[in-house]
Amino acid sequence: MSFDLQELIHSRNGENVALQRENINPQFARVLRLIGFDKVYVRGVGQYLYDEQDCEYLDMLAGYAVHNVGRNHPTVIQALKDLMDSQPATLVQMDAPLLSGLLAERLKELTPEALDTVYFTNSGTEGVETAIKFARKSTRRPRVLFCDHSFHGLSNGSLSLNTDESYRDGFDPLIPGCDKVQLNDREALASELAKEDVAAFVLEPVQGKGVFIAEDEYLREARELCTRHGARLVFDEVQTGFGRTGKMFALEHPGVEPDILVVSKALSAGLVPVGAVLTSRSIYDGVFDSLDNCVVHSSTFGQGAYAMAAGIATLHVFEEEGLVENSRRMGELLLEGLRELAGRFELVKDVRGRGLMIGIELGEPASLKLKMGWKLASKLQKGLVAQAMVMSLLADHRILTQVAGHGMEVIKLIPSLVIDESDVKRFLTAFEDVLERSHRFPGPIWEFTTRLAKHALKR
Ligand SMILES: Cc1ncc(COP(=O)(O)O)c(C=O)c1O
């Protein structure tokens, strides 16, 4: 019998959550059920997802910011099909593949001139691990500084640059020499760097958890301090890269050149795992410092032809479609609309973001009844109100969003960069409705929070 993938999918569709529960991650399956996210999506096009009934969902999550050019972009799909049809000599290993050379060349054109050497990875966390190793070996120093609230991935090195106990608990000891500084606190950074034992200061220009923004002036000072004290400045642009913040890379906002730039996620249009670390030849040579050491850091799938082809095609799409400019414009429209809502709805405490990376922070309301609901929910667990709103956006409006981190009352928006004015309007209208519901106490949003808390307590 011949293999028929379509037939397999067709015959088993609908078993998704049960298969997840039985074979992969039962707790995650439980969470999906609990928050009403146990949908079966069967198709994705651009900024939209479709379920079995062909109902359309506006995806403001974009696979955690991998689908910047939109889901299943035809140009990238065609490139992959063409490559497949050519029966490529991929993963020979003992050769220098053409496509990785070409993608490296293109990445260099888009980034500061000093970043003239590229190392390819398969994920964001692998890029951060690479940055830690490159910084340590090229400086021969032990310490790594990182910021509060940062997220750089969940492998051991990246996890060592993370303060969230819910991620760290049970995994100690992590790698030594990693110390936290507060984001935007210049003095704290200066005093740590002055010890002259720091290999790297690693940070996200806009933090994924909570959408906290590194101030331009702080980033410029960080550059100056790292240079003065011989530490490598590492920008983790795994999430902020490729148009997300309204510039191709967020480093363009302050005009700062890091020593090491880590990218991943959107580089291959969400189709093939990929990542890259850009650095200077002198740092690279400090790691790969002899013929014996020519592969001292590497990974089997690192320059896979499909990832490379998807990357080249994706960068072509960015150029063709003006997506960076669209991210800036749609981001401004969204922020403007959200700020208007913040003026009318007391639960909204702050709206912040850059381009299409936006955080909506909720906070304690002033009016008595609502305050009571807020206090009750906060006592049960922080982050429940934001989670209840995210649930309502999906259940009542078919809009997919997320909370911006554990125990945070922040809703995060990171849609595909192809969204247009009608999507922005659709989101703002829906969010206004969710806000109206949540400003009624008692009401459905507050019932959600109690239900969620009860389940969390049962865990
Ligand atoms: C800023 C940042 N760095 C690193 C990572 C880790 O990437 P990955 O999940 O591909 O390992 C993420 C993932 O969300 C991220 O947002």
Side-chain angles (χ1 to χ4, degrees), residues 25 28 60-68 119-135 144-164 166-168 171 174-175 178 180 183 200-214 219 233-245 247 249-251 253 258 260-278 299 301-302 304 307 310-311 314 353-359 401-406 408 410 412-416:
N25 186 338
F28 185 61
M60 303 284 279
L61 178 54
Y64 294 148
V66 297
H67 299 293
N68 287 17
Y119 174 87
F120 284 108
T121 72
N122 306 284
S123 68
T125 198
E126 195 189 325
V128 174
E129 299 289 343
T130 301
I132 295 171
K133 283 181 75 180
F134 280 20
V144 181
L145 301 179
F146 63 96
C147 291
D148 203 10
H149 294 303
S150 61
F151 185 88
H152 298 289
L154 295 176
S155 51
N156 276 301
S158 308
L159 185 57
S160 308
L161 315 182
N162 188 325
T163 48
D164 187 334
S166 58
Y167 284 120
R168 293 177 65 114
F171 297 109
L174 294 171
I175 66 169
C178 298
K180 177 187 77 173
L183 179 70
F201 174 39
V202 182
L203 83 165
E204 303 150 86
V206 181
Q207 294 186 322
K209 302 286 175 202
V211 195
F212 297 108
I213 301 170
L219 293 175
L233 179 63
V234 180
F235 278 5
D236 176 350
E237 292 227 35
V238 167
Q239 190 159 155
T240 55
F242 304 110
R244 175 58 52 199
T245 69
K247 301 268 188 196
F249 294 99
L251 60 83
H253 291 288
I260 301 176
L261 174 66
V262 184
V263 299
S264 181
K265 287 200 191 273
L267 175 55
S268 55
L271 290 165
V272 193
V274 74
V277 177
L278 287 99
S299 91
F301 284 101
T314 301
R354 271 190 154 155
L356 285 172
M357 186 165 178
I358 292 176
T401 55
Q402 65 176 133
V403 289
H406 289 128
M408 279 185 189
V410 183
K412 183 169 162 190
L413 311 178
I414 39 169
S416 289

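Both counts, for ligands and for their atoms, begin at 1 and track the order of listing. The first residue in the sequence is number 1, and the count goes up from there. Source: prediction; values computed, not measured. Note that these values count all heavy atoms, side chains included, but never hydrogens, waters or copies made by symmetry.
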Return the orientation label for the Y119 and F134 ring planes: parallel under 30°, perpendicular over 60°, tilted otherwise.
perpendicular
Counting only non-hydrogen atoms and a 4.0 Å cut-off, the residues near ligand 1 are S123, G124, T125, F151, H152, G153, E204, D236, V238, Q239, K265
Output for pair (D164 CG, M408 CE), nearest 0.5 Å, gives 7.5 Å
Exercise. Counting only heavy atoms not in Y64, do more than 12 sit closer than 6.0 Å to its OH atom?
Worked result: no
- prompt: So, do F242 and F249 sit near enough that their side-chain heavy atoms are less than 4.5 Å apart?
  reply: yes
Closest heavy-atom pair, Q402 versus I414, reported as atoms and distance to 0.1 Å, is OE1-CD1, 3.4 Å
Report task. Check whether the side chains of S155 and T125 place a donor and an acceptor atom closer than 3.5 Å, and report yes or no. Result -> yes
